[in-house]
Each structure stands twice: as C-alpha cells, then as structure tokens.
Amino acid sequence: MSQQQPGFSVSDLIDLERYPLDQPQSPELAAVIAGALETLDDTGVCLLPGFIRDDAVALLVEESRSLTGTTHRQDHEEIAYGHYRQRLDEFPQGHAVRRTSTFRMNLVPGDMVSADGPLRTIFHWQPLTDFIATLTRHPVLHRVADPLLDCNISVLNPGDTHGWHYDGNDFSVTLMLQTAESGGRFEFYPNIASPDDENFDAVTAVHDGVREGILTTPLEAGTLNVFHGRYSIHHVTPVEGKRPRMLSIFSYHEEPGMMFPANTQKIYTGRTAT
Ligand SMILES: [Fe+2]
C-alpha cells in the first residue's frame with residue numbers, strides 16, 4: 001500500500017485517554033483488555049463506549065452521509081444460514097433452516113470509502129488491528145484485502161431492518177456512528193449454536209418471537225462493538241423515526257490477503273471485485 005498522508009490524526013478520532021491503544025504496555029490498556037475479555041467470555045459481546053471522541057463522531061457521520069448515494073440496497077426475505085443455502089431441500093417446511101426474516105438495508109461498498117478520510121484513518125491504524133487480535137485471542141490478525149468488504153458503512157433508513165442471521169466469520173467489529181431515534185436495536189442470542197449443535201429448536205423459537213435468551217445491547221454513537229457472531233444468531237430491529245441508523249463494519253482475518261467469495265461481494269455490494 002502506498003504511503004498515504006492522512007488528513008486526520010488518530011488521536012483526534014479515538015479517545016486515547018480512555019482507550020490508550022497507542023501505549024500497548026500500559027497498565028491502563030491492560031485493564032481495558034482484561035475487562036473486555038471477561039465480558040466477551042461471559043456474553044460473546046464487548047462494548048467499548050466512547051471509543052470515538054464526540055467531535056469525531058460528527059465527522060464520521062458527515063463522511064457517511066456524503067456516501068449514502070453509493071449504497072447497495074438489499075430488500076428481500078432471507079434465511080439465517082448462509083452455509084445451508086444450497087441444501088434447503090434436505091429440510092422440511094417450517095424447519096429452522098428454512099425460516100426467513102426481512103433484510104432491508106443499504107451498504108456503502110468499501111471502495112467508496114476514501115483512503116484518507118476519518119473512517120479509514122481509524123481502520124488502517126495498526127494498533128487497532130493489534131487490539132482486535134488481542135480481544136479475539138488471535139496471535140495476529142490482518143485487515144481483509146477485499147476492496148469491497150473490508151471497511152463498510154451500513155445505513156438503515158426508517159423501516160429498514162437487518163434480519164436474523166449468523167456471521168460467516170468468527171467475530172465482527174462494528175462502530176456505531178448514528179443511532180435511530182427508536183428501534184434499530186441490535187439483539188442477539190449468545191452462543192445459541194456451537195460447532196457441534198445447531199440447536200434448531202431454539203432457533204425456531206427465536207423466529208416464532210420467543211424472547212427468552214435474547215440480549216439487547218445499548219449501542220450508542222461512538223461505541224466500538226466486538227462480537228462473536230458465528231454461533232450467536234442476531235438481528236437489528238426495524239428503524240423507527242426519521243434518523244437513519246449508521247454503523248461501520250471492519251473485517252479482519254487470520255491470514256493476509258483474504259477476499260470474500262464473489263457471491264458474498266455481489267449480495268452485499270451489487271458488484272464483484274475482479
Ligand atoms: Fe452480523
């Protein structure tokens with residue numbers, strides 16, 4: 001990657017007093033990490049409120065607003081299991097695998113996000129990648145190489161919703177930029193499934209509206225969210241009110257050079273990176 005001269009300084013964007021990622025050996029950062037790991041182990045999710053400084057949140061919202069014309073829209077009913085998509089015939093009508101929910105959402109493709117804007121200044125800062133590796137217990141992590149799906153912005157307008165699903169990767173990292181006036185709540189069922197047990201009965205109950213086991217996280221603007229989404233089914237409730245919900249998504253992988261499959265790129269951005 002060429003040497004960029006970023007127009008923004010990380011210290012103006014991330015609250016390094018509260019989260020001193022620039023001082024990896026400091027006891028203050030060690031305390032942040034210890035607390036986050038404990039929460040992740042307990043609940044599968046860890047929120048770092050105030051990760052982005054208040055005035056920087058405004059900058060990120062402005063950047064996101066300027067990109068809403070570039071979004072790719074999904075508006076369809078979809079199953080929660082990407083990995084069963086080719087095997088639906090093996091399951092009877094009404095089975096958890098065949099249950100669908102509504103996906104009505106817009107995504108800014110990664111290549112629309114400026115390399116020297118505030119969002120990519122945060123995403124490309126190596127101490128953040130190292131921090132995420134520590135929180136997810138990886139010796140090393142790499143930002144994915146996929147130009148369409150490395151650093152994205154999800155925009156949910158009034159009435160939009162992100163249906164029940166699992167993530168294809170083990171963990172997700174998001175940054176809340178702007179909350180909805182109401183609705184737009186991130187809800188998840190921690191570890192409802194495991195590598196050995198899909199727990200289909202419980203997933204069916206979730207689709208039927210049973211609330212037992214579901215957690216709702218108080219995501220505020222400026223909060224960094226690290227979340228184990230591979231085995232925890234999750235969704236975002238419909239956005240209410242006039243204000244769009246805007247959230248950025250950062251993607252990492254254990255190996256360098258990772259690209260998502262072409263059909264994943266197409267579903268989320270309407271294009272493939274060739
Ligand atoms: Fe997800």
Side-chain angles (χ1 to χ4, degrees), residues 1-16 19-24 29 32-33 36-37 40 45-48 51-52 56 59-60 63-64 67 70-72 107-155 167-177 222-230 246-269 271-274:
M1 178 164 293
S2 62
Q3 276 303 110
Q4 296 282 349
Q5 286 300 316
F8 298 90
S9 160
V10 166
S11 60
D12 291 335
L13 300 170
I14 297 175
D15 187 344
L16 294 176
Y19 301 104
L21 274 57
D22 56 336
Q23 299 170 58
L29 185 61
V32 167
I33 290 169
L37 285 174
L40 266 170
V45 66
C46 157
L47 303 184
L48 300 178
F51 189 79
I52 301 298
L59 280 176
L60 292 165
E63 180 180 30
S64 303
L67 294 170
T70 72
T71 54
H72 174 68
L107 195 77
V108 176
D111 60 356
M112 293 291 114
V113 183
S114 168
D116 54 5
L119 190 59
R120 280 197 180 274
T121 299
I122 295 166
F123 179 59
H124 289 274
W125 191 48
Q126 187 58 36
L128 176 60
T129 302
D130 297 341
F131 180 63
I132 300 299
T134 302
L135 294 191
T136 56
R137 302 186 194 278
H138 290 89
V140 64
L141 274 181
H142 304 271
R143 295 177 288 281
V144 305
D146 194 316
L148 294 175
L149 291 173
D150 62 340
C151 169
N152 298 98
I153 304 165
S154 152
V155 181
D167 295 334
N169 37 354
D170 282 345
F171 66 93
S172 303
V173 178
T174 66
L175 197 53
M176 178 57 82
L177 306 180
T223 298
L224 186 79
N225 177 5
V226 181
F227 168 64
H228 287 304
R230 172 69 186 86
M246 297 196 288
L247 172 103
S248 66
I249 305 160
F250 298 156
S251 292
Y252 304 89
H253 195 65
E254 293 87 341
E255 302 293 333
M258 190 267 186
M259 298 283 286
F260 286 93
N263 70 328
T264 305
Q265 295 171 340
K266 185 86 176 165
I267 288 168
Y268 284 96
T269 70
R271 291 187 276 133
T272 54
T274 48

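Because the structure is predicted, anything quoted here is derived from the model rather than measured.
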Find out whether Val32 and Phe131 are in side-chain contact, i.e. whether some heavy atom of one side chain is under 4.5 Å from a heavy atom of the other. yes
Distance-minimising heavy-atom pair for Ile153 and Val113: CD1-CG2, 4.4 Å
With side chains defined as the heavy atoms from C-beta onward, is the minimum distance between Lys266 and Thr272 less than 4.5 Å? yes
Contacts of Arg120 that satisfy salt bridge (Lys or Arg N to Asp or Glu O under 4.0 Å) - sequence neighbours left out: Asp150
Residue pair Arg143 / Thr129: nearest heavy atoms and the distance that separates them: NH1-OG1, 2.7 Å
Without swapping roles, check the side chain of Asp15 against the backbone of Phe51 for a donor-acceptor pair under 3.5 Å. no
By ring-ring contact (aromatic ring centres under 6.0 Å, His included), Phe123 pairs with (sequence neighbours left out) Phe250, Tyr252
Check whether Thr121 reaches the backbone of Gly117 with its side chain - one donor and one acceptor, N or O, closer than 3.5 Å. yes
Nearest-0.5 Å distance that lies between atom CD1 in Ile122 and atom OG in Ser248: 7.5 Å
Contact summary for Leu177 and Ser64, nearest pair of heavy atoms: CD1-OG, 3.2 Å
Euclidean distance, Thr264 OG1 relative to Asp146 CG, rounded to 0.5 Å: 9.0 Å
For Val226 and Ile132: C-alpha separation, side-chain torsions, deciding distance, then whether side chain to side chain contact (heavy atoms under 4.5 Å, CB included) applies. CA-CA 8 Å; Val226 181; Ile132 300 299; 4.0 Å; yes
Shortest non-hydrogen separation from Thr70 to Leu67 and the atoms involved: OG1-O, 2.7 Å
Who passes ring-ring contact (aromatic ring centres under 6.0 Å, His included) against His142, sequence neighbours left out? none
Would you say Val173 and Asn225 make side-chain contact, with heavy atoms under 4.5 Å? no
Is there a side-chain contact between Phe8 and Asp116 (heavy atoms, below 4.5 Å)? no
Sole residue of Asp167, Thr174, Thr136 in side-chain contact (heavy atoms from CB on, under 4.5 Å) with Phe227: Asp167
dist Leu59:CG -> Leu13:CG (nearest 0.5 Å) comes out at 7.0 Å
Is a side-chain N or O of Glu63 found less than 3.5 angstrom from the main chain of Leu119, in a donor-acceptor match? yes
Show, in sequence, the C-alpha distance, side-chain angles and deciding distance for Leu224 and Ile52, and conclude whether the side chain to side chain contact (heavy atoms under 4.5 Å, CB included) test is met. CA-CA 8 Å; Leu224 186 79; Ile52 301 298; over 6 Å; no
Stepwise, does the side chain to side chain contact (heavy atoms under 4.5 Å, CB included) test hold for Leu107 with Thr71? CA-CA 5 Å; Leu107 195 77; Thr71 54; 5.8 Å; no
Candidate pair Thr269 and Leu149, rule side chain to side chain contact (heavy atoms under 4.5 Å, CB included), full reasoning: CA-CA 8 Å; Thr269 70; Leu149 291 173; 3.8 Å; yes
Contact check, side chains of Phe260 and Val144, non-hydrogen atoms, under 4.5 Å: yes
Looking only at heavy atoms, what is the nearest atom pair of His228 and Phe171, with distance? ND1-CB, 3.8 Å
Atom CD1 in Ile14, atom CG in Leu128: separation rounded to 0.5 Å? 5.5 Å
Donor-acceptor pair, distance only, cut-off 3.5 Å: does the side chain of Gln265 make one with the backbone of Arg271? no
Close side-chain approach of Pro147 to Met259, heavy-atom, < 4.5 Å: yes
Working to the nearest 0.5 angstrom, can you tell me the gap between Ser11 OG and Asp22 CG? 8.0 Å
What's the spacing between Leu47 CG and Thr223 OG1 if we round to 0.5 Å? 6.5 Å
Looking only at heavy atoms, which two atoms of Gly110 and Asn152 are closest? And how far apart? N-ND2, 3.2 Å
Under 4.5 Å between any side-chain heavy atoms of Leu37 and Ile33, yes or no? yes
